[in-house]
Chemist: 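Here's a structure for you.
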Amino acid sequence: MEAAEQLSELEKLGGKVEEKKKVEEKGLAELPQPHDHVVLRFAPNPSGPLHIGHARAAVLNSEYANRYDGKLVLRIEDTDPRRVHTDAYDMIPQDLEWMGVKCDETFIQSDRIPIYYEYAEKSIKNGAAYMCTCEGGEFKKLKDNSQACPCRDLSVEDNLQRWEQMFDMEEGEAVLRIKTDINHKNPAIRDWVAMRVVEAHHPRVGDKYRIYPMMNFSVTIDDHLMGITHVLRGKDHLANSEKQKYLYDHMGWDVPEFIHYGRLKMDDVALSTSKAREGIEQGIYSGWDDPRLGTIRAIARRGISPESIRELMNEIGVKIADSTISWKKVYGLNRNILEETANRYFLVSNAQKLDIVDLPSEVKGIVERPLHPDFMKRGNREIPFDGQIYLSNDDLHEGKILRLMDAVNVSVKDGAVVYNSQTFEEARELKAQVVQWVPATDSISAEVVMPDASVIQGYVEPACSQLKIGEVVQFERFGFARVDEIGSEGIRFYFAHK
RNA sequence: GCUCCGGUGGUGUAGUCCGGCCAAUCAUUUCGGCCUUUCGAGCCGAAGACUCGGGUUCGAAUCCCGGCCGGAGCACCA
């Protein structure tokens, strides 16, 4: 029986149809338990500039903060002195600004060490934590067998005393542990480390401290103190979320909603921040914004718009399954934006200087061509045409007829170009290929840095002298490119995509 | 190895909780055609997916079991 028949049959018998499921709103999924005052945070560690993976966390947090009219906190997590790179403290806010991510407050964890000490002491006093002086390997052995170490049963007084002593201990001598469940089926969750001695110079707070909190400890304390209601993090933090719940429980605090998303890969770029840093130091990459890197600044330099990145992240959302972003997707989204904003110009790459043979003088003059074919109101560019031009070798095929856009038709003969006719109608009849050109005299020398860092040389039309750095243009038949640098010798562009 | 988690077109997503309106959404992509003095855009059309095998059920992308594949974690990093 068909579903419809069944339905009518059911109705005849007096049964009732089940209620419809609630209709979800399109786009980004709703947060679980959306309170009136959601507070989210973006909490990177300062290892370098932000990359595409950070963009997901940053954008999504920001989107949710906007949607619920909540708050977004930026917290820089620099509690491992050995993994701090000072350049990151400035680069992170810059990258966020570019993405349009606005943070209501900013905290740096190395400013908050005394707070963590205070809570370390509190957790000892309420029996949540204990000082452990076991050797690491020894502890692991016990832990893996669900065995408590001897330190676990020491009194609060003893632990307090050992905590005081810790300030004079050497690295590795003792740690503060949070009690969880020694029988927890996942050994990774059992009695995790909260504080440890680090004898290293902290690039930001120097040698002021010798005891630093572990990420799980400082994060929990801060998330609570800062009133974070929803924690968006990668699924690599799945076990950490579970560890942290024990501390919330010990302290009697409300546990925020944890939301874990999967890993994000970018096809082609698989470079970690540390690998990128190495490459930069070795001179393989020109810098953090080398077009081959997956950093936000590299993407920005290539003329990818922040809007398209935001759109992309919204579309990907917070699924826990991993996803691979293709550049094609990014380009597609970006093209939708650039298509309207970018003005059109001529670029001739692989240029050949030519003097059109037998050109009648009456066809010479100023050629006008719209800045944007769909927005004529923007006006025209003016291109002087006197018969001396650059054409791309890629277009010069012996025997072919070319239509120089808005100028004349020429035939390619023996490596030279000969005047053929003037009108576009004639070009059409001749099935001429329509090509862009630039004048030989006033054109500006240009180079275009491609996504693989190779460089294409060429010339752009004189009107490009009006361009400003950061502007993205479309070179007809060539693709979109961003103005990167304007020098006395010429202009450098970064290629975005077709 | 242990613990946990995933698997919808080339890619990204919706749908999975609460089985039927799903011969599966949208975007990007690719391919045709039209249009266009850009190889861009636009318009029209098309292509392309529920990991596999069992089970439950009148009915399974959706529930159950198993396999396969993939991922994460198993630090005195974050």
Side-chain angles (χ1 to χ4, degrees), chain A residues 1-4 6-7 17-22 24 26-29 43-47 77-80 82-84 109 132 136 139-140 143-144 171-177 184-190 192-198 211-212 214-216 218-219 233-240 242-243 260 262-265 267 311-312 314-317 319-333 335-336 338-340 342 344-346 369-370 372-374 403-407 409 423-425 427-428 432-436 474-480 497-498:
Chain A
M1 202 190 289
E2 290 299 313
Q6 292 180 32
L7 206 62
V17 182
E18 270 180 67
E19 284 197 24
K20 296 243 162 66
K21 293 182 197 174
K22 63 179 174 198
E24 288 284 329
K26 275 207 151 186
L28 202 52
N45 62 313
S47 56
E77 309 204 323
D78 57 349
T79 53
D80 182 359
R82 293 195 175 92
R83 290 175 196 236
V84 170
Q109 288 192 314
C132 176
F139 180 86
K140 183 176 164 40
K143 178 197 76 175
D144 287 345
E171 199 165 308
E173 246 185 280
V175 294
L176 181 74
R177 286 186 189 282
H184 196 287
K185 62 180 173 178
N186 182 357
I189 306 295
R190 299 171 195 160
W192 50 270
V193 177
M195 306 286 278
R196 85 294 206 187
V197 178
V198 183
I211 300 178
Y212 286 91
M214 295 291 288
M215 167 262 169
N216 274 314
S218 49
V219 160
R233 48 166 61 143
K235 69 177 187 183
D236 46 322
H237 286 295
L238 238 16
N240 291 322
E242 202 174 341
K243 289 183 187 181
H260 300 96
R263 280 177 56 117
L264 207 56
K265 279 171 290 193
D267 58 10
E311 218 171 294
L312 177 70
N314 271 297
E315 188 174 321
I316 293 170
K319 280 214 318 185
I320 196 161
D322 297 346
S323 42
T324 307
I325 308 170
S326 66
W327 281 107
K328 279 185 177 176
K329 177 80 186 180
V330 178
Y331 295 163
L333 292 175
R335 191 180 298 115
N336 292 339
L338 257 32
E339 170 56 31
E340 276 190 33
R344 272 56 170 170
Y345 292 96
F346 285 161
R369 199 166 157 79
H372 197 301
D374 302 330
R403 166 67 179 176
L404 310 192
M405 284 190 223
D406 281 321
N409 310 320
T423 68
F424 180 63
E425 286 65 35
R428 198 164 250 172
Q433 164 138 51
V434 181
V435 301
Q436 78 279 25
Q474 191 205 70
F475 290 122
E476 303 197 39
R477 297 178 68 234
F478 184 84
F480 295 92
H497 46 78
K498 257 282 185 215

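Quick note on labels: first sequence line is chain A, next is B, and so on, each numbered from 1.
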Chemist: Under the side-chain hydrogen bond (donor to acceptor under 3.5 Å, both in side chains) rule, collect the residues that match up with A/Arg83, sequence neighbours excluded.
Modeler: A/Asp80

Chemist: Apply side chain to side chain contact (heavy atoms under 4.5 Å, CB included) to A/Pro370 and list each qualifying residue two or more places apart in sequence or on a separate chain.
Modeler: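 Side chain to side chain contact (heavy atoms under 4.5 Å, CB included) check on A/Pro370 returns A/Met376, A/Asn380.
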
Chemist: With sequence neighbours left out, write down each residue that passes side chain to side chain contact (heavy atoms under 4.5 Å, CB included) with A/Asn240, or none if nothing qualifies.
Modeler: A/Met215, A/Asn216, A/His237, A/Lys243, A/Gln244

Chemist: Just the rounded figure in Å: distance from P of B/C26 to CG of A/Leu333.
Modeler: 17 Å

Chemist: Provide a list of protein-nucleic acid N or O atom pairs under 3.5 angstrom, restricted to nucleotides 64-69 of chain B.
Modeler:
none

Chemist: Tell me every residue that passes side-chain hydrogen bond (donor to acceptor under 3.5 Å, both in side chains) with A/Asp236, counting only those two or more places apart in sequence or in another chain.
Modeler: none

Chemist: Just wondering, do A/Glu339 and A/Phe480 contact through their side chains at under 4.5 Å, heavy atoms?
Modeler: yes

Chemist: Please determine whether a side-chain nitrogen or oxygen atom of A/Arg428 lies at a distance below 4.0 Å from atom OP1 or OP2 of B/C35.
Modeler: no

Chemist: Taking side chain to side chain contact (heavy atoms under 4.5 Å, CB included) as the definition, give me every residue that meets it alongside A/Glu242, ordered by chain and number, with sequence neighbours left out.
Modeler: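 So A/Glu242 forms a side chain to side chain contact (heavy atoms under 4.5 Å, CB included) with A/His184, A/Ile189.
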
Chemist: Round to the nearest Å and state the distance from A/His184 atom NE2 to B/C2 atom P.
Modeler: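 Roughly 17 Å, once rounded to whole Å.
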
Chemist: Using side-chain hydrogen bond (donor to acceptor under 3.5 Å, both in side chains) as the criterion, list what pairs up with A/Asn409, not counting sequence neighbours.
Modeler: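 Partners of A/Asn409 under the side-chain hydrogen bond (donor to acceptor under 3.5 Å, both in side chains) test: A/Arg403, A/Ser421.
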
Chemist: Can you list everything that forms a side chain to side chain contact (heavy atoms under 4.5 Å, CB included) with A/Glu171? Sequence neighbours excluded, please.
Modeler: A/Arg82, A/Val197, A/Val198, A/Glu199

Chemist: Tabulate atom names and distances for all N/O pairs under 3.5 angstrom spanning the protein and nucleotides 45-51 of chain B.
Modeler:
none

Chemist: Quick one: label A/Arg344 by what it contacts on the DNA or RNA (base, sugar-phosphate, nothing), any heavy atom closer than 4.0 Å.
Modeler: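 A/Arg344: base contact, heavy atoms under 4.0 Å.
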
Chemist: Quick one: side-chain hydrogen bond (donor to acceptor under 3.5 Å, both in side chains) partners of A/Thr324, sequence neighbours excluded?
Modeler: none

Chemist: Dot-bracket for RNA chain B, 5' to 3', with Watson-Crick and G-U pairs under 3.5 Å, [ ] for crossing pairs and | for other-strand pairs: what is it?
Modeler: (((((((..(((.......[.....)))((((((.......))))))...(((((..]....))))))))))))....

Chemist: Protein-nucleotides 4-6 of chain B N/O pairs closer than 3.5 Å?
Modeler:
| residue | atom | partner | partner atom | Å |
| --- | --- | --- | --- | --- |
| B/C4 | OP1 | A/Lys185 | NZ | 2.7 |

